[in-house]
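I have placed the structure first, in the form of structure tokens, so that the comments after it can refer back to it.
Numbers restart at 1 for each chain; the letters A, B, ... are given by sequence-line order, proteins then strands. Bear in mind the structure is a predicted one, so any value in this text is a computation, not a measurement.
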There are 2 protein chains.
Amino acid sequence: MKIERVLEENICECPAGLECSIEKTLEVLDGKWMFLIIRDLFDGVKRFGELKKSLEGISPKTLSVRLKELEAKGVVLRTAYPTVPPTVEYTLTEKGNSLKPIIIAMKLWGAKWG
Amino acid sequence: MKIERVLEENICECPAGLECSIEKTLEVLDGKWMFLIIRDLFDGVKRFGELKKSLEGISPKTLSVRLKELEAKGVVLRTAYPTVPPTVEYTLTEKGNSLKPIIIAMKLWGAKWG
DNA sequence: AAAAGTAGTTACATAAAAGTTACCATTGAA
DNA sequence: TTCAATGGTAACTTTTATGTAACTACTTTT
């Protein structure tokens, strides 16, 4: 569906008896850390420690839990290399990459109104 | 800034020492109810009771608190009429309306991947 | 006289998300 | 032999968000 088309439509129009598609998106993007982790991954491949450093204030526990959720939802791909000490890389999957318009729109809004 | 331009840029690029603009957006859009309330208001003017009905599961307390936050942030306009019983209408301000691209992007993503 | 209707508020309880601190395994380097 | 480095985990506490149930004010309708 073209975005121009959607812009003309009723934003609330949802298939009868079905969950609204915004709510489905919110199941993945639930909470600020999800947005920020994904934003960081648009920068390219990242390791656990890199994410932890750039996401100021996140605890290792929260980062670990959130990354697992994103992996389980097919948004993030985790690749572990058997080095010592261990090397683990996180990247966005195709599904994760397709979140870009949302992140871009939020970035633009924040720049203008935030 | 044109969206095509932004799409080419590094999504993480933030002014040095300054808060990232996505984080500023997240100060307004914090939590699922914010997204859903705003989505409903794109449908047009709404009264408290209407919002409460369409936002399935929201408690009057949460709706009240969230609407006040949105009003304080300049996203929502509250208009009370001195009728009996009272009539109160909620609408999006210009700032609130400008959130549309975010909501649209989320709706499209949810429809495709959710 | 009591009920209905709107837009909430209040006090209390619960659940979910997040933070804190300490800790583990492995192995090459100092 | 002890330290550093990576990518976490475990137990516990705190914070934040949300829900529940009852209640308010005011006036018209039954």
Hey, any chance B:L29 and B:L51 share a hydrophobic cluster, counting ILVMFWY side chains that come within less than 4.5 Å of each other, even indirectly?
-> yes
Under 4.0 angstrom, heavy atoms only, what part of the nucleic acid is A:T87 near: base, sugar-phosphate, or nothing?
-> sugar-phosphate
What is the distance from NZ of B:K52 to P of C:dT9, rounded to the nearest Å?
-> 14 Å
Could you tell me the separation between the CD atom of A:E27 and the P atom of C:dA17, rounded to a whole number of Å?
-> 12 Å
With no hydrogens and no angle check, do the side chains of A:W33 and A:T62 hold a donor and an acceptor under 3.5 Å apart?
-> no
Check A:W113 against B:S98 and note the closest heavy-atom contact, atom names and distance.
-> NE1-OG, 3.0 Å
Between P of C:dG8 and CG of B:L51, the distance in whole Å | 10 Å
Whole angstrom is fine here: how far is it from CG in B:L63 over to P in C:dT9?
-> 10 Å
Atom pair CZ/CG of B:R39 and B:L55 - distance to nearest 0.5 Å = 6.5 Å
Just call it for A:Y90: base, sugar-phosphate, or nothing, with non-hydrogen atoms closer than 4.0 Å on any strand.
-> sugar-phosphate
Please report, rounded to the nearest Å, how far the C1' atom of C:dA7 is from the NZ atom of B:K53.
-> 15 Å
Which nucleotide in C:dA17, C:dG19, D:dC26 has an atom nearest any side-chain atom of A:R66 = C:dA17
If we ignore angles and hydrogens, is there a donor and acceptor under 3.5 Å between the side chains of B:Y90 and B:E50?
-> no
Of the listed nucleotides D:dT6, C:dG8, C:dA7, the one nearest the side chain of B:S64 = C:dG8
Return the nearest nucleotide to the side chain of A:K68; candidates are C:dA7, D:dG7, D:dT9.
-> D:dT9
Which nucleotide in the set D:dT18, C:dT27, C:dA7 lies at the smallest distance from any side-chain heavy atom of B:F48?
-> C:dA7
Separation of B:L70 atom CG from D:dA17 atom P, in whole Å?
-> 13 Å
Which is true for B:G57 with a 4.0 Å heavy-atom rule: it touches a base, it touches only sugar-phosphate, or it touches nothing?
-> sugar-phosphate
5'-most contact on DNA chain D (nearest-nucleotide basis), B:S59 vs A:V65, goes to A:V65
Integer-rounded Å distance: D:dA17 P and B:L29 CG = 14 Å
Among C:dA7, D:dG19, C:dT9, which is the nearest nucleotide to the side chain of B:R78?
-> C:dA7
Shared ILVMFWY cluster between A:V88 and A:I37, side chains joined below 4.5 angstrom?
-> yes
The nucleotide from D:dT18, D:dG8, C:dA18 with an atom nearest the side chain of B:T62 is D:dT18
Is B:R47 near enough to C:dA7 that one of its side-chain N or O atoms lies under 4.0 angstrom from OP1 or OP2?
-> yes
If you check the A:P85 side chain, which of D:dG7, D:dT6, C:dC12 turns out closest?
-> D:dT6
Given D:dC12, C:dC12, D:dT27, the nucleotide with the shortest approach to the side chain of B:K61 = C:dC12
note: B:I37, atom CD1; C:dG8, atom P; distance rounded to Å ~ 12 Å
Closer to the 5' end of DNA chain D via nearest nucleotide, is it B:K32 or A:E89?
-> A:E89
